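Below: the structure, in structure tokens.
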Amino acid sequence: MVTPDEDRVVLKIGTTSLVTDGRLEPEKVERLCAAVRLGIRAGLAPVVVTSGAIAIGRTRHAALGDANGAGQQVAAAIGQGLLYGALQETFASYGLETGQVLLTPYDLIEADRGERVRATFDEMRSLGVVPIVNENDALGVRNNDVLAALLSGFLRAGLLVLLTNVPGLYDRDPQLGGKATRIGKVAELTPQLEALAGGTVVAGGTGGMQMKLSACWIATYSGVRTVIADTADPAVLVAAREGADIGTAFAPRPVRGAWPDAGRLWRAFRTPPRGAVTCAPAGLMAIEHRQALRRIQVTTARGQFHAGDVVDITGPDATLLARGSIRYPASAVEFGCEPGTALLVGSDYVRIRRDAP
Ligand SMILES: Nc1ncnc2c1ncn2[C@@H]1O[C@H](COP(=O)(O)OP(=O)(O)O)[C@@H](O)[C@H]1O
Ligand SMILES: N[C@@H](CCC(=O)OP(=O)(O)O)C(=O)O
């Protein structure tokens, strides 16, 4: 049985927590360095995942001001060097050596690539070098909350901390004004909880609170305790490690037997669900036995999902049974597929209840 590496912590920091008006804010970088140094002094081995390259690159190259697609990738390619250079310099002023690691989720999912990645992280740790990770955005921009969650499971980390510009998950978006109450602890993720999260995304960011919850599914189903917290407090890493009442803490699911497969978690949770399919009784049995879910075992499809999108698989009473990547678009599920078509095979989804993936 694989045991977690309790001292290993992954600290992800979002665009808004480093960048103001398209520029890296020195005070915010100092706060990050202070948090990492405090963590190291407390015996932790932090891995930092930082966003910000797109926002910085857009400012540097005005023509990319609101670029998407390939333009966004180019903005990131321009901004990443500036982001890492500034971080490396400030970390050095705190007495910390850093090294830049640019990853895609596939580097953590595919076994042969994964071994080389693991060797790099292990060697950096033994040399006392703090890894500064970002997505390799020039090849395609996704989301760093999800990347950090995959990485935390990959490294068997004891803790994932997602730092952002609000002090945790609230019962409604606190930036909308009015009363919002922080949710301190989450024992189990549910669609009801997800419904509290808004989809607003800051300029240059790719996430929003909904995406952070997708990351929380991946991390907690990988056995990693996860905390969403405010970036403002340099003691955040140590406090989160000690289980202090900061931000929102998500309990890990117990991992029994083999470590959960990162690829399966990625397929099931890499974005919020884009729709849902409802199972007939035969579909319930298929999910129960982790078999392919066939068109004839589904009664309805909801939402405008495309082939490869994440969807919920629900029972007739709308109970969430599983989540995964569907192989056909909603239109085909409703009208086009043969009855025996496998909409998802067993490795495409994660069962939500009863046992670990
Ligand atoms: N229920 C909620 N609780 C807390 N924040 C929420 C909620 N719903 C939406 N949000 C928004 O999520 C934002 C944080 O997510 P995001 O913009 O992705 O940050 P980051 O750039 O740090 O990754 C907050 O600024 C907040 O406005
Ligand atoms: N990798 C991208 C950021 C992607 C991202 O997830 O952004 P955010 O939602 O601010 O954490 C960048 O460096 O700009």
Side-chain angles (χ1 to χ4, degrees), residues 8-20 24-40 42 44-56 83-84 86-87 90-91 94 96 98 130-135 143-152 155 157-170 173-175 182-186 197 200-216 218-220 224-250:
R8 186 85 95 163
V9 296
V10 175
L11 179 68
K12 184 265 170 178
I13 184 155
T15 303
T16 46
S17 302
L18 283 175
V19 175
T20 305
L24 207 54
E25 195 175 315
E27 195 192 311
K28 291 180 169 177
V29 180
E30 299 255 354
R31 242 183 265 158
L32 171 65
C33 294
V36 171
R37 189 168 63 182
L38 276 176
I40 291 172
L44 301 177
V47 170
V48 177
V49 179
T50 59
S51 300
I54 296 169
I56 294 169
L83 171 64
Y84 180 71
L87 292 176
T90 314
F91 270 91
Y94 277 68
L96 299 173
T98 59
V130 179
I132 306 283
V133 179
N134 197 351
E135 172 115 20
N143 176 257
N144 266 345
D145 297 306
V146 167
L147 182 72
L150 278 173
L151 185 60
S152 70
L155 295 174
L159 177 68
L160 168 67
V161 178
L162 301 174
L163 292 182
T164 184
N165 61 341
V166 286
L169 176 70
Y170 282 66
D173 185 347
Q175 309 237 44
R182 177 174 65 96
I183 297 164
K185 284 191 171 25
V186 174
T200 24
V201 176
V202 294
T206 62
M209 191 49 71
Q210 286 174 350
M211 195 67 91
K212 281 190 206 315
L213 295 187
S214 294
C216 288
I218 291 177
T220 58
V224 181
R225 195 162 71 84
T226 303
V227 177
I228 298 177
D230 196 332
T231 206
D233 180 4
V236 66
L237 206 48
V238 177
R241 173 64 199 279
E242 288 170 354
D245 180 25
I246 54 155
T248 305
F250 297 78

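Along the sequence shown, residues are numbered consecutively beginning with 1. Please read all numbers here as calculations on a predicted model, not as lab measurements.
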Could you give the distance from OG1 (Thr20) to CD (Glu27), rounded to the nearest 0.5 Å? 9.0 Å
Could you check if a side-chain atom of Leu87 sits within less than 4.5 angstrom of a side-chain atom of Thr98, using non-hydrogen atoms only? no
What heavy-atom pair brings Ala197 and Leu213 nearest, and what distance separates the two atoms? CB-CD1, 3.9 Å
Shortest non-hydrogen contact from Ala148 toward Val10: O-CG1, 3.9 Å
Minimal non-hydrogen separation, Ser17 against Leu163, with atom names: OG-O, 4.0 Å
Check: Arg225 side chain, Ala240 main-chain N or O, donor-acceptor pair, under 3.5 Å: yes
Which distance, rounded to the nearest 0.5 Å, do you find between the CG of Asn165 and the CD1 of Ile13? 10.5 Å
Would you give the length of the straight line joining atom CE of Met211 to atom CG of Leu162, rounded to the nearest 0.5 angstrom? 12.5 Å
Kindly say whether Leu169 contributes a backbone atom to a donor-acceptor pair with the side chain of Thr248 at under 3.5 angstrom? yes
Quick one, Ile228 and Cys216 - any side-chain contact, counting heavy atoms below 4.5 Å? yes
Test side chain to side chain contact (heavy atoms under 4.5 Å, CB included) on Thr231 and Lys28 and set out the steps. CA-CA 8 Å; Thr231 206; Lys28 291 180 169 177; over 6 Å; no
Side chains of Ile132 and Phe91 in contact at under 4.5 Å (non-hydrogen atoms): yes
Quick one: pull up CG in Leu237 and CG in Leu44 and give me the separation to the nearest 0.5 Å. 5.5 Å
Note, Arg182 side chain near Asp245 side chain (heavy atom, < 4.5 Å): yes
Contact check, side chains of Lys12 and Leu151, non-hydrogen atoms, under 4.5 Å: no
Evaluate the side-chain proximity of Asn134 to Tyr84: yes if any heavy-atom separation is below 4.5 Å, no if none is. no
One thing to verify: whether Arg31 and Asp230 come together as a salt bridge, which I'm taking to mean a side-chain N less than 4.0 angstrom from a carboxylate O. no
Quick one: does any side-chain atom of Asn144 pair with a main-chain N or O of Thr50 as donor and acceptor, under 3.5 Å? yes
Is there side-chain contact between Leu32 and Leu11, with heavy atoms separated by less than 4.5 Å? yes
Of all heavy-atom pairs between Asp145 and Ala215, which one has the smallest distance, and what is that distance? O-CB, 3.3 Å
Considering all heavy atoms of both residues, which atom of Ala157 and which atom of Val224 are nearest to each other, and what is their separation? O-CG2, 3.6 Å
Side chain to side chain contact (heavy atoms under 4.5 Å, CB included) between Val29 and Leu24, worked out: CA-CA 8 Å; Val29 180; Leu24 207 54; 3.7 Å; yes
Please report the closest heavy-atom contact between Leu18 and Ser51, naming both atoms and the distance. CD1-O, 3.5 Å
Non-hydrogen side-chain atoms of Val19 and Ile56 separated by less than 4.5 Å: yes
One should read off an interatomic distance between Ser152 OG and Ile218 CD1, to the nearest 0.5 angstrom, of 9.0 Å
Between the side chain of Thr226 and the main-chain N/O of Leu160, is any donor-acceptor distance below 3.5 Å? no
